[in-house]
Amino acid sequence: MNPAAVELGSFFPQPPESVWRALTEPELMGRWLLRPAGFAASVGTCFRFTIPDSSIDEILCEVLAARPYQQLTYSWAYPQAEYPARWVVDWTLQPQGRGTRLLLTQTGFDIEDRRQKMARNATERGWKRLVLPRLGQVIPC
């Protein structure tokens, strides 16, 4: 494991095709993560997430890899933050029995920097306690 990355694995009882839909359909994404504007699961697509009632009002992203039912990777940048940051979020799907093993990896943290280390730890808690459980609730059967 890379201490500078967030690496989380989850199992979902639905097949990879259903998990892929939750990761890539804007209406479903808005229910578990944030509603994207301009998203398409196609390499090179630039899109953004807006965050209502936040001082960081948008996240700028670009799709870096998109292999249906296998992998989705995008950049994740807060350009207006007091301390701008850029990460890469990678979702890897693997069939497991009748379900899917999903690996989330978020990289780009500089853990030598105190703020970045705190951001990495807070991000891991957020993915684990809030976001991944919500994802599990919206994956279509």
Side-chain angles (χ1 to χ4, degrees), residues 1-111 113-141:
M1 291 187 58
N2 177 354
V6 172
E7 297 174 311
L8 299 169
S10 296
F11 175 80
F12 298 104
Q14 298 90 340
E17 295 80 7
S18 296
V19 176
W20 180 258
R21 284 185 56 203
L23 293 175
T24 60
E25 291 183 12
E27 189 272 322
L28 292 174
M29 292 169 75
R31 291 174 44 203
W32 66 272
L33 184 57
L34 297 165
R35 185 168 301 281
F39 176 81
S42 178
V43 173
T45 298
C46 293
F47 66 100
R48 64 187 173 84
F49 291 114
T50 54
I51 307 170
D53 305 320
S54 172
S55 61
I56 303 170
D57 62 353
E58 71 178 357
I59 301 165
L60 302 180
C61 304
E62 180 182 355
V63 177
L64 305 174
R67 296 184 353 227
Y69 320 124
Q70 297 175 32
Q71 180 186 25
L72 177 66
T73 307
Y74 45 83
S75 61
W76 180 289
Y78 292 113
Q80 295 126 352
E82 183 178 349
Y83 302 98
R86 184 176 192 274
W87 297 288
V88 173
V89 176
D90 179 78
W91 304 95
T92 302
L93 296 80
Q94 298 175 330
Q96 186 173 8
R98 293 184 182 161
T100 304
R101 173 68 50 194
L102 181 67
L103 176 62
L104 161 66
T105 305
Q106 185 171 350
T107 57
F109 297 97
D110 175 5
I111 59 170
D113 178 283
R114 183 180 62 81
R115 285 185 189 95
Q116 283 283 311
K117 187 172 186 175
M118 289 172 48
R120 183 241 171 260
N121 293 340
T123 298
E124 180 176 49
R125 284 190 304 274
W127 284 122
K128 189 184 300 185
R129 294 181 186 160
L130 300 172
V131 181
L132 289 172
R134 286 195 312 243
L135 171 60
Q137 294 171 357
V138 304
I139 297 172
C141 296

Quick one: side chains of residues 35-48, donor-acceptor pairs under 3.5 Å with protein atoms, not counting sequence neighbours, listed by atom name and distance.
{"unit_1": "Thr45", "atom_1": "OG1", "unit_2": "Ser42", "atom_2": "O", "d": "2.9"}

(Q) Please report the interatomic distance CD(Glu124) to CG(Leu104), rounded to the nearest 0.5 Å. (A) 9.5 Å
Q) Which word best sums up how the rings of Tyr74 and Trp76 line up, parallel for under 30°, tilted for 30 to 60°, or perpendicular for over 60°? A) parallel
Q: Would you name the heavy atoms of Phe49 and Leu34 that are closest together and state the gap between them?
A: CE2-O, 3.3 Å
Q: State plainly whether the residues Arg21 and Glu17 are in salt-bridge range, i.e. N to O under 4.0 Å.
A: no
Q | Sequence neighbours excluded, every pair satisfying ring-ring contact (aromatic ring centres under 6.0 Å, His included) that has a member inside residues 120-140 | A | Trp91-Trp127
Q) Could you walk me through whether Leu23 and Leu93 pass the side chain to side chain contact (heavy atoms under 4.5 Å, CB included) check? A) CA-CA 10 Å; Leu23 293 175; Leu93 296 80; 3.8 Å; yes
**Q.** Nearest atoms (heavy-atom pairs only) where Gln116 meets Phe109
**A.** OE1-CA, 3.4 Å
Q: Report the C-alpha distance between Phe12 and Leu135 in whole Å, list the side-chain angles of each, state the deciding distance to 0.1 Å, and finish with yes or no for side chain to side chain contact (heavy atoms under 4.5 Å, CB included).
A: CA-CA 9 Å; Phe12 298 104; Leu135 171 60; 4.1 Å; yes
Q. So do Tyr78 and Ile59 actually touch side chain to side chain, heavy atoms under 4.5 Å?
A. yes
**Q.** Shortest non-hydrogen contact between Thr100 and Pro16, atoms and distance
**A.** OG1-N, 2.8 Å
Q) Between Arg98 (side chain) and Pro13 (backbone), is there a donor-acceptor pair under 3.5 Å? A) no
Q. Ser10 side chain to Leu102 main-chain N or O, any donor-acceptor pair under 3.5 Å?
A. no
Q) Just how far is it from atom OG1 of Thr107 to atom CG of Asp90, taken to the nearest 0.5 Å? A) 8.0 Å
Q.
If we count only N and O atoms by modelled type, under 3.5 Å, do the side chains of Thr92 and Gln94 hold a donor and an acceptor together?
A. no
Q. Is the side chain of Arg120 donor-acceptor paired with the backbone N or O of Pro3 at a distance under 3.5 Å, no angle test?
A. yes
(Q) Main chain of Glu62, side chain of Ser75: is a donor-acceptor contact present, judged purely on distance under 3.5 Å? (A) yes
Q.
Measuring only between side-chain heavy atoms, which start at C-beta, is Trp20 closer than 4.5 Å to Leu72?
A. yes
Q.
Applying the side chain to side chain contact (heavy atoms under 4.5 Å, CB included) criterion to Gln106, which one of Thr123, Val88, Leu8 satisfies it?
A. Thr123
